[in-house]
Amino acid sequence: EEVYAAGKTRAAALGNPADHVEATTAEVHQYHKVINYPAKTYPHGVFFLLNSQKAIVACSANTENFFGVNANSLLGKTFSELFQSPTKVSAALATEDYFNVSPVVTKSKGGAASTVNIILQRGPNGVMADVEPLGDESAIESQVAAAKSAAGKFESCQTEQELCDQMTAVMKELWGWDRQLVWKFNDDDTSTMVSEKKNDTVKVPLAGLTMYGVDMPPNARLGFLHRTYSRTTADVSAAGVDLVTDERFI
């Protein structure tokens, strides 16, 4: 609420970080609503919302791509039964600390029956599960080896800023993204882009930009602080996938 009451000025996300535009309290509330309750998700994986019995009460509409069945037909079904190792998935769901068990690696049933990662989080309305394709395991092993080699460059860094700058340079070279950023979480729940490495084709710099705390949903922020220190958007231009639900199963 302090952000809404006092934070009438925000940095322009599509302009120079030094520029500021006025945002009304209503605009900030609307932004908070969209970022936390978007009603869509990325098509890179499949999103599931589970109730206390670990049955599916909502999911993204792209389940046929991964499981070979329509999303509506999965509502009310037991989540673990979608995988070839249901006992393994059930055991992970039964734990208290999802940060330490995620990702759960298993194979899906139906569809392409591919190897997937399951990332679990607790939310206010149930357990959230993101199922994402793991890809070629041999390629992943080579990427891990490259990452370990790159990590050796960090040992010579003398300051926090030097470490952040080296991190953006190394990770951009390793993964080949158009832009690599390091964010710092501030004590007031805002976050600041402290380092950036980008291609010349990316015209708008973000280094130095400070964002409201509402820019990141609380569960995502908690995940970064406790376990997942890096976030990847598979395709920023991808169209969102609708979420499907049925109140009978909630």
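The distance from the CG atom of L243 to the CG atom of N62 is 9.5 Å, given to the nearest 0.5 Å.
With Q84 contributing its side chain and K107 its backbone, the two residues share no donor-acceptor pair below 3.5 Å. Looking only at distances, no side-chain donor or acceptor of N186 sits under 3.5 Å from a matching main-chain atom of D188. Without hydrogens or angle criteria, S60 side chain to V46 main chain gives no donor-acceptor distance under 3.5 Å. K88 places a side-chain N or O within 3.5 Å of a backbone atom of V105 that can act as its donor or acceptor partner.
Inter-residue side-chain proximity for V244 and T63 is flagged as unmet; no heavy-atom pair is nearer than 4.5 Å. The side-chain heavy atoms of Y98 and L93, taken from C-beta on, include a pair separated by under 4.5 Å. Between K54 and S90 the shortest side-chain heavy-atom distance does not fall below 4.5 Å.
For the pair S195 and C164, the tightest heavy-atom approach, listed with the atom from each and the gap, is OG-O, 3.4 Å.
Remark: S73 engages V69, N70 in a side-chain contact (heavy atoms from CB on, under 4.5 Å) (not counting sequence neighbours). Contacts of T159 classified as side-chain contact (heavy atoms from CB on, under 4.5 Å), with partners at least two apart in sequence or in another chain: Q161, E162. Legend: residues meeting ring-ring contact (aromatic ring centres under 6.0 Å, His included) with F47, ordered by chain and number and at least two apart, are absent.
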